[in-house]
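What follows is a single structure, written as structure tokens, with notes after it.
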Amino acid sequence: MKKAYLLIICIVLVIAAALIYLNHSVSITSIELSSPGNIAMNEAVKIVLDKEEQVFVRYWKDGAAEKLRTPLTPKAKEHDVRLLLLDPNTVYHYQVVIDKLIDVASKEMTFRTREQSPWLVHNWVKGNAPHDAAALDGGMVMLCNARLPGYIAMVDGKGSVKWYWQIDDIGVRAATLTPRGTLLAMLRPPVRDVIDDTPKAEADSLREVAKPIRRGAMGFAGGTAIAEIDLTGKMLWRINMDTVDGGKHKVIHHDVRMDRNGNIVVLTRNQKPFDMATLGGAGIDTLGGDGILVMDNKGKKIWEWNVWDEWDTDHDPLLKEFAYDRFHMNSLNFDKDNNYLVSVAIEDQIWKVNKETGKIMWKLGKNGNFKMDTAYHFSFQHSVHINPYGDLMVFDNSLWKKQSGAVSFQLDTVKWTATPKIHAMLPAAKYTSRMGSAYVLPNNNLLQCSSKTGAVMVTDQQGKIIWELNCYFVPYRAEYISPSVWTKYFVKE
């Protein structure tokens with residue numbers, strides 16, 4: 001019996017020795033750190049092993065108890081691991097860990113992040129304004145700068161820029177999170193926007209609406225390129241619109257989205273030759289309209305829709321007045337069945353467009369298909385989408401009432417009724433005649449953007465401001481980035 005025990009012990013020792021040998025048969029050849037683009041909040045860790053294995057990086061702020069770790073890399077000899085959302089000018093500790101039966105960890109090392117770039121140091125959150133950081137529910141606000149250099153920034157509830165991406169040759173009009181967790185950006189040549197929206201008389205408002213609605217295809221919010229960026233800051237691809245479909249579509253009119261199949265969907269400027277003599281004009285001219293273009297990420301056209309194919313020009317009382325921008329579609333999104341929702345500003349309506357036939361399925365708003373209380377009619381609205389409650393939501397610029405804010409409607413397509421659900425109007429001082437956005441946050445607060453006043457706010461569902469961000473440029477819209485977005489890049493240990 002004693003001999004049997006000794007034999008078992010010997011076998012166990014041999015197996016343990018073999019496992020220890022195999023576990024430590026791989027070693028770290030080198031570790032190099034760098035700050036891509038000299039961004040203070042982003043550190044790249046390049047790791048080289050002598051054999052192919054999976055690794056992760058454990059890291060934590062100096063003096064902090066909480067430790068973070070990156071996800072496991074694919075099995076390889078060389079690994080590029082990104083540490084994101086770091087604090088500037090801060091000491092971090094880190095270890096490289098090889099994933100084995102018994103993990104093999106490097107010694108504990110440290111690095112200090114760069115100081116924040118001076119152009120990102122701004123009084124984003126003022127102490128004399130509502131500034132309860134908890135109102136953002138741990139997330140961040142994503143803003144885009146359309147001047148040069150163009151950039152996308154994510155700002156937390158305390159007013160610190162935590163993520164940043166820059167492009168030098170063009171501005172960034174807007175960006176949105178895609179279904180695959182990347183960012184889709186609409187790029188445009190820099191045009192100055194002005195923070196000023198003093199309420200005007202109705203006649204002046206009409207003239208203001210008409211100002212950008214001239215013969216140029218660009219308008220005041222046209223994009224000329226699209227890019228997809230991952231959250232490490234890498235640009236995955238870029239499409240210049242003058243290369244798409246033989247150069248037919250030179251600009252994006254206001255919006256770009258990615259559908260669930262990874263296709264790119266944009267609003268375009270569509271023109272139509274028309275004899276203006278029928279309207280008392282001077283012969284053949286060009287009407288300005290809108291359309292939807294679906295393409296892959298190389299710019300190959302998949303599907304196209306032209307509003308003029310669905311519009312009765314012979315019985316349109318507004319055609320002469322708004323000839324050069326008849327509809328001014330300013331927002332695009334997807335309904336629950338994946339058909340298209342478009343905001344038609346001149347009509348004060350939301351249209352649903354069939355993604356296969358191009359037929360207009362219904363219209364919501366003034367003179368639309370749904371019965372609704374006229375007190376809840378919206379005007380020159382933006383940022384159409386389906387909110388987490390399943391209701392249709394827009395930011396009501398409310399051009400005629402001059403008080404903007406978030407509104408949503410429960411739609412019944414059997415009884416054809418639109419029931420108001422959210423009506424969170426901002427204070428009159430936050431009125432914005434153009435641009436803007438409104439979204440429901442995970443904690444049921446609302447993120448609202450009053451573009452022409454430079455204000456981004458978290459409000460309750462009655463419009464009371466709980467938190468306010470002070471933007472030094474005109475934000476076309478402000479989107480919410482949830483903490484859950486980052487689980488692909490790091491988790492708490």
Side-chain angles (χ1 to χ4, degrees), residues 35-42 84 116-122 124 140-155 160-178 182-195 212 216-244 249-258 264 266-269 297 299 330-332 382-383 434-437 449 451-452 454 456 469-481:
S35 299
N38 287 328
I39 303 300
M41 305 83 74
N42 185 341
L84 304 177
Q116 184 64 285
S117 301
W119 58 88
L120 296 181
V121 179
H122 175 68
W124 296 96
M140 292 181 287
V141 175
M142 181 167 66
L143 303 166
C144 299
N145 182 24
R147 305 296 299 278
L148 288 181
Y151 69 76
I152 304 170
M154 298 181 192
V155 184
S160 297
V161 176
K162 302 293 291 182
W163 190 95
Y164 178 79
W165 177 82
Q166 178 175 308
I167 187 166
D168 294 335
D169 68 318
I170 197 166
V172 183
R173 185 60 170 180
T176 189
L177 195 67
T178 72
T182 57
L183 300 179
L184 193 65
M186 182 173 78
L187 310 178
R188 72 155 192 175
V191 178
R192 187 179 181 190
D193 290 315
V194 178
I195 294 179
M218 175 67 76
F220 73 98
T224 58
I226 312 165
E228 183 180 8
I229 305 110
D230 72 19
L231 291 180
T232 71
K234 180 182 178 182
M235 186 162 66
L236 304 177
W237 51 263
R238 173 176 171 174
I239 298 172
N240 293 321
M241 288 301 292
D242 59 6
T243 66
V244 173
H249 304 286
K250 292 184 173 56
V251 298
I252 307 156
H253 195 218
H254 281 282
D255 217 347
V256 55
R257 299 281 171 181
M258 181 182 289
I264 311 305
V266 303
L267 287 173
T268 58
R269 293 285 292 152
N297 63 14
N330 60 28
S331 178
L332 166 74
H382 285 75
S383 78
R434 297 198 188 107
M435 303 176 278
S437 58
C449 175
S451 300
K452 289 181 73 67
V456 177
L469 179 147
N470 166 51
C471 204
Y472 65 93
F473 53 83
V474 174
Y476 179 68
R477 64 183 176 222
E479 293 206 11
Y480 181 71
I481 303 297

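Keep in mind that the numbers below use all heavy atoms, side chains included, and drop hydrogens, waters and symmetry copies.
Not counting sequence neighbours, the partners of Asp230 by the side chain to side chain donor-acceptor pair (under 3.5 Å) test are Thr232. When the salt bridge (Lys or Arg N to Asp or Glu O under 4.0 Å) test is applied to Asp242, no partner is found at least two apart in sequence or on another chain. Partners of Leu187 by side chain to side chain contact (heavy atoms under 4.5 Å, CB included), not counting sequence neighbours, listed by chain and number: Ile167, Ile170, Val172, Ala185, Ala225, Ala227, Arg238. Leu148 pairs by the side chain to side chain contact (heavy atoms under 4.5 Å, CB included) definition with Pro190, not counting sequence neighbours. Evaluation of the side chain to side chain donor-acceptor pair (under 3.5 Å) rule for Asp168 yields Gln166 as partners, not counting sequence neighbours. Every residue meeting the side chain to side chain contact (heavy atoms under 4.5 Å, CB included) condition with Ser331, not counting sequence neighbours, appears here in chain and number order: Asp255, Ser343, Val384.
The distance from the CE atom of Met140 to the OG atom of Ser160 is 11.0 Å, given to the nearest 0.5 Å. The NZ atom of Lys452 lies 5.0 Å from the CE atom of Met435; values are rounded to the nearest 0.5 Å. Going from atom CD1 of Ile39 over to atom CH2 of Trp165 covers 11.0 Å, rounded to the nearest 0.5 Å. A distance of 9.0 Å separates OG1 in Thr178 from CG in Leu236, rounded to the nearest 0.5 Å. If you take CD1 on Ile252 and CE on Met186, they are separated by 6.0 Å, rounding to the nearest 0.5 Å. To the nearest 0.5 Å, atoms NE2 (His254) and CZ (Arg477) are separated by 10.5 Å.
Of all non-hydrogen atoms in Val251 and Arg269, the two that sit nearest each other are CG2-CG, 3.6 Å. Looking at every heavy atom in both residues, Leu231 comes nearest to Trp163 through O-NE1, 2.8 Å. Taking all atoms of both residues into account, the shortest heavy-atom contact from Arg257 to Thr176 is NH1-OG1, 3.0 Å. Of all non-hydrogen atoms in Gly436 and His382, the two that sit nearest each other are O-CB, 3.4 Å. Contact between His122 and Asn470 at its shortest, heavy atoms only, is NE2-O, 3.2 Å. Between Pro189 and Thr224, the shortest heavy-atom distance links the atoms CD-OG1, 3.4 Å.
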message = Would Glu479 and Ser437 count as a side chain to side chain donor-acceptor pair (under 3.5 Å) here? Give the steps.
response = CA-CA 8 Å; Glu479 293 206 11; Ser437 58; over 6 Å; no
key: Test side-chain contact (heavy atoms from CB on, under 4.5 Å) applied to Val161 and Tyr151, step by step   = CA-CA 12 Å; Val161 176; Tyr151 69 76; over 6 Å; no
message = side-chain contact (heavy atoms from CB on, under 4.5 Å) for Leu143 and Ile152? Distances and angles first, verdict last.
response = CA-CA 6 Å; Leu143 303 166; Ile152 304 170; over 6 Å; no
key: Test log, rule side-chain contact (heavy atoms from CB on, under 4.5 Å), inputs Met241 and His249   = CA-CA 6 Å; Met241 288 301 292; His249 304 286; 3.9 Å; yes
ask   = Can you list the steps and then say if Met154 with Leu183 is a side-chain contact (heavy atoms from CB on, under 4.5 Å)?
value = CA-CA 12 Å; Met154 298 181 192; Leu183 300 179; 3.8 Å; yes
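A side chain to side chain contact (heavy atoms under 4.5 Å, CB included) with Ile226 is found for exactly one of Asn240, Leu184, Val244, namely Leu184.
Classified by interplanar angle (parallel below 30°, tilted 30° to 60°, perpendicular above 60°), the ring pair Tyr164/Trp119 is tilted.
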